[in-house]
Novice: 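Let me begin by handing over the structure; questions about it come next.
Residues take their numbers from the sequence shown, with the count starting at 1.
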Amino acid sequence: QVQLVESGGGLVQPGGSLRLSCAASGSIFTRKTVGWYRQAPGKQRELVAVITSGDSTNYADSVKGRFTISRDNAKNTVYLQMNSLKPEDTAVYYCNVPLRGNLVERAWGQGTQVTVSS
C-alpha cells in the first residue's frame with residue numbers, strides 16, 4: 001500500500017538543481033519529524049535531511065549548505081530543494097518518518113531517481 005509518494009527526480013548536470021516532493025497519505029505530517037533518505041547503487045540507505053514539526057532541520061555533512069528540507073503542512077508535503085548537485089548525489093531518494101536508530105514509521109515507497117551526470 002502506498003503511504004508515501006516521492007516525486008521530482010530526474011537527470012541533471014553537475015551544478016544543477018532539483019526539488020523533490022514527498023506527499024503523505026493515511027495520516028498527516030504536521031506533528032511529525034520527516035526525513036529524506038537516499039540509496040546509491042551498492043550503498044546502504046542513508047539519512048540526508050530531517051525536519052521537525054517545529055521546522056528545525058538537520059543535514060548530513062555531505063549535503064549541508066546545498067540541500068534544504070522544508071514542509072507545507074496544508075499540502076501534507078515535505079520538500080527537498082537540491083542545489084549545486086554533484087555526481088555523488090546520484091541515488092534513489094525516499095522520505096519517511098524516523099523513529100530511533102534506523103527505524104522508520106512508514107513502509108518505504110518507490111522513491112524517486114536523481115541522476116547527476118555530465
Side-chain angles (χ1 to χ4, degrees):
Q1 183 178 2
V2 176
Q3 293 183 300
L4 301 170
V5 179
E6 301 94 345
S7 63
L11 173 63
V12 296
Q13 293 187 332
S17 298
L18 286 172
R19 190 177 77 157
L20 308 184
S21 298
C22 171
S25 62
S27 63
I28 61 174
F29 280 160
T30 304
R31 299 184 301 276
K32 294 181 180 295
T33 294
V34 179
W36 278 99
Y37 302 74
R38 68 185 181 188
Q39 187 166 28
K43 295 187 176 181
Q44 294 183 328
R45 184 181 283 111
E46 63 174 340
L47 180 64
V48 299
V50 296
I51 184 167
T52 70
S53 61
D55 289 348
S56 177
T57 60
N58 283 288
Y59 302 91
D61 289 341
S62 58
V63 307
K64 193 171 299 182
R66 300 186 298 117
F67 291 9
T68 303
I69 187 171
S70 62
R71 67 198 306 159
D72 185 339
N73 290 329
K75 297 181 178 180
N76 208 23
T77 300
V78 174
Y79 303 97
L80 185 67
Q81 178 66 47
M82 309 164 66
N83 298 325
S84 302
L85 283 163
K86 304 175 180 180
E88 311 91 87
D89 297 318
T90 295
V92 179
Y93 284 72
Y94 306 85
C95 60
N96 217 310
V97 177
L99 298 176
R100 65 169 189 171
N102 282 349
L103 297 177
V104 294
E105 182 182 88
R106 305 285 190 98
W108 295 107
Q110 66 178 161
T112 184
Q113 175 71 234
V114 172
T115 302
V116 185
S117 176
S118 60

Novice: For R45 and V92, indicate whether the former's side chain and the latter's backbone hold a donor-acceptor pair under 3.5 Å.
Specialist: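 Not a single qualifying donor-acceptor pair exists.
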Novice: Would you call R38 and V63 a side-chain contact if the rule is heavy atoms closer than 4.5 Å?
Specialist: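 A side-chain contact exists here, since the closest heavy-atom pair is under 4.5 Å.
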Novice: Do K86 and R66 have side chains that approach each other closer than 4.5 Å (heavy atoms only, starting at C-beta)?
Specialist: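 Heavy-atom side-chain distance check passes, below 4.5 Å.
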Novice: Enumerate the residue pairs fulfilling ring pair (Phe, Tyr, Trp, His ring centres under 6.0 Å) with a member in residues 39-61, sequence neighbours excluded, ordered by first and then second residue.
Specialist: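 Applying ring pair (Phe, Tyr, Trp, His ring centres under 6.0 Å) to every pair that reaches into residues 39-61, excluding sequence neighbours, yields nothing.
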Novice: Heavy-atom count around D72 CG within 6.0 Å, excluding the residue itself: above 12?
Specialist: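 Yes.
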Novice: Check for a donor-acceptor pair, side chain of N96 on one end and backbone N or O of P98 on the other, with a separation under 3.5 Å.
Specialist: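 Checking the backbone N and O of P98 against the side chain of N96, no donor-acceptor pair under 3.5 Å is found.
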Novice: In the structure I gave you, are the side-chain heavy atoms of P14 and P87 within less than 4.5 Å of one another anywhere?
Specialist: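 Yes, at least one pair of side-chain atoms sits under 4.5 Å.
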Novice: Rounded to the nearest 0.5 Å, how far does CD of E88 lie from OG of S62?
Specialist: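 Atom-to-atom, S62:OG and E88:CD are 9.0 Å apart.
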Novice: Between T57 and I69 (side chain of the first, backbone of the second, donor and acceptor by atom type, cut-off under 3.5 Å), is there such a pair?
Specialist: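 Absent.
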Novice: When clusters are formed by joining ILVMFWY residues with side-chain heavy atoms under 4.5 Å apart, either directly or through shared neighbours, do V78 and L47 land in the same one?
Specialist: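 Looking at the clustering, L47 is in a separate group from V78.
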Novice: Would you compute the distance between atom CD of Q113 and atom CG of L11 and round it to the nearest 0.5 angstrom?
Specialist: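 Q113 atom CD to L11 atom CG measures 9.5 Å (nearest 0.5 Å).
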Novice: If I take atom CD1 from residue I51 and atom SG from residue C22, how far apart are they, to the nearest 0.5 angstrom?
Specialist: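 Spacing of CD1 (I51) from SG (C22) equals 11.5 Å.
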Novice: Should M82 and Y93 count as side-chain neighbours, where that means a heavy-atom distance under 4.5 Å?
Specialist: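 With C-beta onward as the side chain, the pair touches.
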Novice: Checking N76 side chain against A24 main chain: does a donor-acceptor pair fall under 3.5 Å?
Specialist: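 Confirmed, N76 side chain pairs with A24 backbone.
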Novice: Do E6 and C95 have side-chain heavy atoms sitting under 4.5 Å apart?
Specialist: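 Yes; the side chains approach each other to less than 4.5 Å.
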Novice: I need the full list of ring pair (Phe, Tyr, Trp, His ring centres under 6.0 Å) pairs touching residues 95-118, with sequence neighbours left out, sorted by first then second residue.
Specialist: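 Ring pair (Phe, Tyr, Trp, His ring centres under 6.0 Å) check on residues 95-118 returns Y37-W108, Y94-W108.
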Novice: Compare all side-chain heavy atoms of Y79 with those of L20 and state whether any distance is below 4.5 angstrom.
Specialist: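 They are not in side-chain contact.
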Novice: How about T77 and R71: do any of their side-chain heavy atoms sit closer than 4.5 Å?
Specialist: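 Not in contact.
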Novice: Do V50 and W36 share a hydrophobic cluster, counting only Ile, Leu, Val, Met, Phe, Trp and Tyr and linking them when any side-chain heavy atoms are less than 4.5 Å apart?
Specialist: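 Shared cluster, no.
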Novice: Distance-only, no hydrogens or angles: does the T112 side chain make a donor-acceptor pair with backbone N or O of G9 under 3.5 Å?
Specialist: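 Side chain of T112 to backbone of G9, a donor-acceptor pair under 3.5 Å: yes, one is there.
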Novice: Which atoms form the tightest heavy-atom contact between L18 and V114, and what is the distance?
Specialist: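 Residues L18 and V114, closest heavy atoms: CD1-CG1, 3.9 Å.
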Novice: Check whether any side-chain heavy atom of T33 lies under 4.5 Å from a side-chain heavy atom of S53, and answer yes or no.
Specialist: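 No, every pair of side-chain atoms sits at 4.5 Å or beyond.
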Novice: Under the side-chain hydrogen bond (donor to acceptor under 3.5 Å, both in side chains) rule, what pairs show up with a residue in residues 8-22, not counting sequence neighbours?
Specialist: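 Every pair satisfying side-chain hydrogen bond (donor to acceptor under 3.5 Å, both in side chains) with a residue in residues 8-22: S17-N83.
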Novice: Return the CG to NZ distance between N58 and K64, rounded to the nearest 0.5 Å.
Specialist: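 Between N58 CG and K64 NZ, I get 7.5 Å after rounding to 0.5 Å.
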